[in-house]
Amino acid sequence: MAIITISRGTFSGGKALAQTLGKEFGYRLLSREELLQAAAERFGASEGELESALTHRPGFLERHRFTRLHYIHCVQAEMARAVQSDNVVYHGQAGYLLLRGVAHHLRVKVVADLEYRIKAAMERTNLTRDRTIEYIKELDEARDKWVERVYGVDRNDPTCYDLVINLEQISLPAACAIVAEVVQRDFQTTPESQRVVDDLTFASAIRAKISIDRDIADDVLEIEVKDGVVTITGTVRSLNDADRVRALVKAMPGVKRIESKMGTRW
């Protein structure tokens, strides 16, 4: 069928749409919290560390900048593994960016005006109206900066998504019907698109494994996989680190050949 990711502003109704879609389609529902928990268990990190990596933008001069980027690699690896078997709805931050290039991945953006969001927030919290407005704006700004710093894109740009739905104007049943029609028409899984997911899952697992190896001081390595051929680009600290990366990748089951294009900083 398809993979659906729901992106939204704070209290815009994205979680409600994801839950409705999951029930209507019989899809598995995956939240950001569940994703972080699974990634923490798989890679031996704390949920707090992963949460921080997905919340706070890594500063250029920050001591733990690359550690945060490494945690993002772990989350991406778990995300790819979670959706590899298809038929899943994810609601949470950056899902549309973690699965780039997958043809049967429908990227949905949910929006609503500020008054709608204020009302929804005040129904679920004990905050005053003024504090609610401040809270919404703070979260939106933090997420905007995080996406721009990590991925270099504006998350409010509608071209980042396949479908934008305003839940202030469109009911949940109507929104669900719209998504169902779009999925059926344009986002069905094909053998080719499934191979892309399989390659992405493998590449993400390799990248995460490199990230959590404390003996490798990498920063901007990129991994691509196609039919078992692993291409490594970017830079590492030294020739010894490059050798460690190649040895680690070579030892992973399923690797047929390595195309190494790594550079060194020293």
Side-chain angles (χ1 to χ4, degrees), residues 3 5 30-58 62 64-85 88 90 92-102 105 146-147 149-152 194-237 241-262:
I3 301 163
T5 56
L30 178 64
S31 68
R32 180 172 111 157
E33 292 73 23
E34 291 168 330
L35 179 64
L36 293 180
Q37 181 180 10
E41 292 175 356
R42 180 179 176 188
F43 296 104
S46 74
E47 290 183 49
E49 290 170 326
L50 295 174
E51 173 72 25
S52 179
L54 287 184
T55 303
H56 303 292
R57 56 177 177 160
E62 183 183 349
H64 300 295
R65 174 191 174 204
F66 296 133
T67 300
R68 286 186 177 178
L69 292 175
H70 291 169
Y71 286 144
I72 293 170
H73 295 145
C74 293
V75 174
Q76 177 161 5
E78 182 58 30
M79 178 73 169
R81 187 200 65 79
V83 304
Q84 188 176 13
S85 59
V88 60
Y90 170 75
Q93 187 170 343
Y96 67 104
L97 294 168
L98 297 174
L99 298 173
R100 286 177 167 177
V102 178
H105 168 208
W146 183 90
V147 171
R149 178 61 60 84
V150 176
Y151 290 99
Q194 184 60 49
R195 281 193 296 270
V196 171
V197 172
D198 294 341
D199 287 341
L200 175 62
T201 302
F202 194 10
S204 299
I206 293 172
R207 187 64 186 87
K209 191 171 182 64
I210 295 171
S211 293
I212 62 176
D213 190 317
R214 301 305 184 186
D215 293 328
I216 300 173
D218 75 291
D219 45 23
V220 291
L221 284 184
E222 295 186 6
I223 306 294
E224 291 186 4
V225 174
K226 186 172 183 180
D227 299 327
V229 178
V230 180
T231 301
I232 311 171
T233 58
T235 61
V236 289
R237 178 182 55 185
D241 282 332
D243 289 339
R244 290 190 184 98
V245 170
R246 282 190 288 267
L248 183 152
V249 174
K250 184 178 180 180
M252 295 193 69
V255 175
K256 297 178 182 177
R257 190 174 77 252
I258 298 174
E259 296 286 345
S260 179
K261 301 178 182 179
M262 286 181 287

Hey, does Met252 have a side-chain heavy atom less than 4.5 Å from the side chain of Lys209? yes
Counterpart residues, side chain to side chain contact (heavy atoms under 4.5 Å, CB included), relative to Ala38 (two or more places apart): Glu78
The reported gap from CZ in Arg100 to CG in Leu200 (rounded to nearest 0.5 angstrom) is 11.5 Å
Any chance you could lay out the side chain to side chain contact (heavy atoms under 4.5 Å, CB included) test for Lys261 and Thr231, step after step, and finish with the verdict? CA-CA 7 Å; Lys261 301 178 182 179; Thr231 301; 4.2 Å; yes
Quick one: CD on Glu259 to OG1 on Thr233, what's the gap to the nearest 0.5 Å? 12.0 Å
From CA spacing to verdict: side chain to side chain contact (heavy atoms under 4.5 Å, CB included), Leu36, Tyr71: CA-CA 10 Å; Leu36 293 180; Tyr71 286 144; over 6 Å; no
Checking Val83 against Tyr90 for the side chain to side chain contact (heavy atoms under 4.5 Å, CB included) test, could you report, in this order, the C-alpha distance in whole Å, the side-chain angles of both residues, the deciding distance, and whether it holds? CA-CA 9 Å; Val83 304; Tyr90 170 75; 5.6 Å; no
Sub-4.5 Å side-chain heavy-atom contact between Met262 and Val245: yes
Looking at Arg32, Glu33, Glu34, which hits side chain to side chain contact (heavy atoms under 4.5 Å, CB included) with Leu30? Glu34
Taking all atoms of both residues into account, what is the closest heavy-atom pair of Ala77 and Arg42, and its distance? O-NH1, 3.3 Å
Stepwise side chain to side chain contact (heavy atoms under 4.5 Å, CB included) test for Ile232 and Ile223: CA-CA 5 Å; Ile232 311 171; Ile223 306 294; 3.8 Å; yes
Could you list the residues that satisfy side chain to side chain donor-acceptor pair (under 3.5 Å) with Gln84, not counting sequence neighbours? Asp198
Mark yes or no for whether Gln76, through its side chain, and Leu98, through its backbone, hold a donor-acceptor pair below 3.5 Å. yes
When rounded to the nearest 0.5 Å, the distance separating CG of Asp199 from NZ of Lys226 is 8.5 Å
Could you work out, with side chain to side chain contact (heavy atoms under 4.5 Å, CB included) as the rule, every residue matching Ile212, not counting sequence neighbours? Phe43, Cys74
Glu224 atom CD: more than 12 heavy-atom contacts under 6.0 Å: no
Do the side chains of Leu221 and Arg207 get nearer than 4.5 Å, heavy atoms only? yes
If we only count heavy atoms from C-beta on, is the Met79 to Thr5 side-chain gap below 4.5 Å? yes
Heavy atoms of Ser260 and Arg246 approach each other most closely as OG-NH1, 3.0 Å
